[in-house]
Amino acid sequence: MDSKEILYDHYKETFSLSKAAQERRNKSFICLCILEALTFFIVIDPEKMLITMKSYETLAGIVDLGYEIIQTLLWMMIAYVLIRYVQDMIYVERQYSYLDELEKRLSGTIKEDMFRREGENYQKEYPKVLNLIDLFYKMLMPVLFLIINIFHIVMEWQYSGKNILSVVCDTVLFIAIFIITWFYFFWFHSKITEYWERKIPLIKKMDQWLSKELKKV
């Protein structure tokens, strides 16, 4: 097997891995939307949501878990799905430049400009509607999800009563979700990061502090 065949096989494998990650990302996004929708219903009308959950538990023959346990399970599922979504999203984004480099090498090897699908050809005359879709996925939805989660954790503290342990567990999960979303958002939007760091120095200090502490871990 010569170098061209090795390079082409590597390109095919890399492209297949990228497509598989895109499929996982899309599924994770749908799951995240469903979980955040449930959270939104809890924030809007917690009593009605509790009645609905109990009715489904009865129909499914599930033991009554209790409202607090259900909320903690919901936080855990959101955290897990968010982690998988962010991992696959970042992996896909990082693969674009790598695939572009492989296409350039392949084109140079065979002396033809036929390998341009994921690189120059994809970026050529990029439709504005795709830019809007990118903003929807990468900017609007993460912010919307984070707002829903903030309202949810605030509501839990307001109605915590004697269930402090449950609220503390949920708060820890919320903090993890917040940090993951924070780094995810600002990793994608470097220009927005620079703008807000200039306007609000506290954001830059917070980002530096989080980065420093996470490196220690």
[Y] side chain reached by [X] side chain, heavy atoms, under 4.5 Å:
{"X": "Cys33", "Y": "Phe145", "answer": "yes"}
{"X": "Met141", "Y": "Phe29", "answer": "yes"}
{"X": "Tyr85", "Y": "Tyr184", "answer": "yes"}
{"X": "Gln71", "Y": "Met155", "answer": "yes"}
{"X": "Thr171", "Y": "Trp157", "answer": "yes"}
{"X": "Ile42", "Y": "Leu74", "answer": "yes"}
{"X": "Asp170", "Y": "His152", "answer": "no"}

Got a second to check how far [X]'s [atom1] is from [Y]'s [atom2], nearest 0.5 Å?
{"X": "Ile83", "Y": "Ile78", "atom1": "CD1", "atom2": "CD1", "answer": "12.0 Å"}
{"X": "Leu173", "Y": "Thr72", "atom1": "CG", "atom2": "OG1", "answer": "7.5 Å"}
{"X": "Leu102", "Y": "Ser97", "atom1": "CG", "atom2": "OG", "answer": "9.5 Å"}
{"X": "Asp9", "Y": "Thr14", "atom1": "CG", "atom2": "OG1", "answer": "10.5 Å"}
{"X": "Ile69", "Y": "Cys169", "atom1": "CD1", "atom2": "SG", "answer": "11.0 Å"}
{"X": "Met89", "Y": "Leu82", "atom1": "CE", "atom2": "CG", "answer": "11.0 Å"}

hydrophobic_cluster_shared for [Y] and [X], side chain cutoff 4.5 Å:
{"X": "Val172", "Y": "Val167", "answer": "no"}
{"X": "Leu35", "Y": "Ile30", "answer": "no"}
{"X": "Ile147", "Y": "Phe41", "answer": "yes"}
{"X": "Tyr80", "Y": "Leu32", "answer": "yes"}
{"X": "Leu17", "Y": "Ile90", "answer": "no"}

Of Arg94, Arg24, Arg25, the residue whose pairing with Asp88 passes salt bridge (Lys or Arg N to Asp or Glu O under 4.0 Å) | Arg24
Only one of Ile180, Ile175, Thr181 passes side chain to side chain contact (heavy atoms under 4.5 Å, CB included) with Ile177; say which it is.
-> Thr181
Can you name the closest pair of heavy atoms from Val81 and Ser28 and give their distance?
-> CG1-O, 3.3 Å
Nearest heavy-atom approach of Ser18 to Val92 is O-CG2, 4.0 Å
Would the His10 and Phe15 ring centres measure less than 6.0 Å apart?
-> no
Mutual orientation of the aromatic rings belonging to Phe174 and Trp75 [parallel < 30°, tilted 30-60°, perpendicular > 60°] = perpendicular
Are there more than 12 heavy atoms of other residues, nucleotides or ligands under 6.0 Å from atom OH of Tyr91?
-> yes
Step-by-step side-chain contact (heavy atoms from CB on, under 4.5 Å) determination, Phe40 to Ile44 | CA-CA 6 Å; Phe40 178 75; Ile44 295 299; 3.6 Å; yes
